[in-house]
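What follows is a short report on a single structure.
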Amino acid sequence: MNTQRAQEIAASPIMANVTYNGERIYIEQVDEQSGTALIHPLHAPNNKQRVAVSSLQEH
C-alpha cells in the first residue's frame with residue numbers, strides 16, 4: 001500500500017479491510033515523511049505499533 005491510500009483509509013468513516021502480517025488492523029494515523037502508519041489489531045485496540053505503510057495489504 002502507498003502512503004496516500006493509507007491516509008485516505010485512515011480519514012474515511014468507512015472501515016476498510018486492511019491487514020498487517022495476515023491480521024486485520026485499523027490505521028490510526030499515517031506519517032507521510034517516514035512512510036509509516038500507527039496501527040492496532042481490530043481485536044486489541046491497546047496494542048498499537050508503528051509499521052511501514054508498504055507492509056499493509058488492502059483486500
Side-chain angles (χ1 to χ4, degrees):
M1 176 178 301
N2 63 43
T3 54
Q4 182 177 353
R5 181 60 185 141
Q7 286 178 319
E8 290 170 1
I9 291 170
S12 175
I14 299 167
M15 185 71 179
N17 185 6
V18 179
T19 60
Y20 173 70
N21 289 341
E23 185 171 28
R24 289 194 67 198
I25 58 97
Y26 179 81
I27 302 172
E28 293 193 23
Q29 67 179 168
V30 178
D31 183 338
E32 191 171 3
Q33 288 191 341
S34 67
T36 62
L38 183 62
I39 65 167
H40 68 259
L42 293 183
H43 64 84
N46 293 325
N47 188 14
K48 298 176 186 185
Q49 56 186 319
R50 188 160 293 280
V51 300
V53 170
S54 61
S55 66
L56 301 178
Q57 294 276 316
E58 183 175 15
H59 302 275

Review point. Would one find more than 12 heavy atoms of other residues, nucleotides or ligands at under 6.0 Å from atom CD of Glu23?
Key: yes

Check your understanding: What is the minimum heavy-atom distance between Thr3 and Gly35, and which atoms define it?
Key -> CG2-CA, 3.8 Å

**Study point:** ring-ring contact (aromatic ring centres under 6.0 Å, His included) partners of residues 10-53, not counting sequence neighbours, each pair once
**Key:** Tyr26-His40

Review point. What's the spacing between Ile27 CD1 and Glu8 CD if we round to 0.5 Å?
Key: 10.5 Å

Point to revise | Between CD1 on residue Ile25 and CG on residue Asn47, distance to nearest 0.5 Å | key: 12.0 Å

Practice item. Verify side-chain contact (heavy atoms from CB on, under 4.5 Å) between Lys48 and Leu38, making sure each step is shown before the conclusion. Key: CA-CA 7 Å; Lys48 298 176 186 185; Leu38 183 62; 4.1 Å; yes

Exercise for review: Find out if a path of hydrophobic residues (ILVMFWY) with successive side-chain heavy-atom gaps under 4.5 Å connects Val51 to Val30.
Suggested key: yes

Point to revise | Heavy-atom closest pair, residues Glu28 and Ala10 | key: O-CB, 4.4 Å

Exercise for review: Decide yes or no on side-chain contact (heavy atoms from CB on, under 4.5 Å) for Ile39 and Arg50, but give the supporting numbers first.
Suggested key: CA-CA 6 Å; Ile39 65 167; Arg50 188 160 293 280; over 6 Å; no

Check your understanding: What's the verdict on side chain to side chain donor-acceptor pair (under 3.5 Å) for Thr19 and Arg24, showing C-alpha distance, side-chain angles and the deciding distance?
Key -> CA-CA 4 Å; Thr19 60; Arg24 289 194 67 198; over 6 Å; no

Exercise for review: Find the distance between CG (Asn21) and OG (Ser55) and round it off to the nearest 0.5 Å.
Suggested key: 7.0 Å

Revision key, fill the gap. Distance col, row Ser12:OG vs Arg5:CZ, nearest 0.5 angstrom, shows 7.5 Å

Revision key, fill the gap. Here the gap from Met1 atom CE to Ile9 atom CD1, rounded to the nearest 0.5 Å, amounts to 4.0 Å

Review point. CD of Gln33 to CG of Asp31: how many Å apart, nearest 0.5 Å?
Key: 6.5 Å

Point to revise | Nearest non-hydrogen partners of Ala37 and Leu56, listed with the distance | key: CB-CD1, 4.1 Å

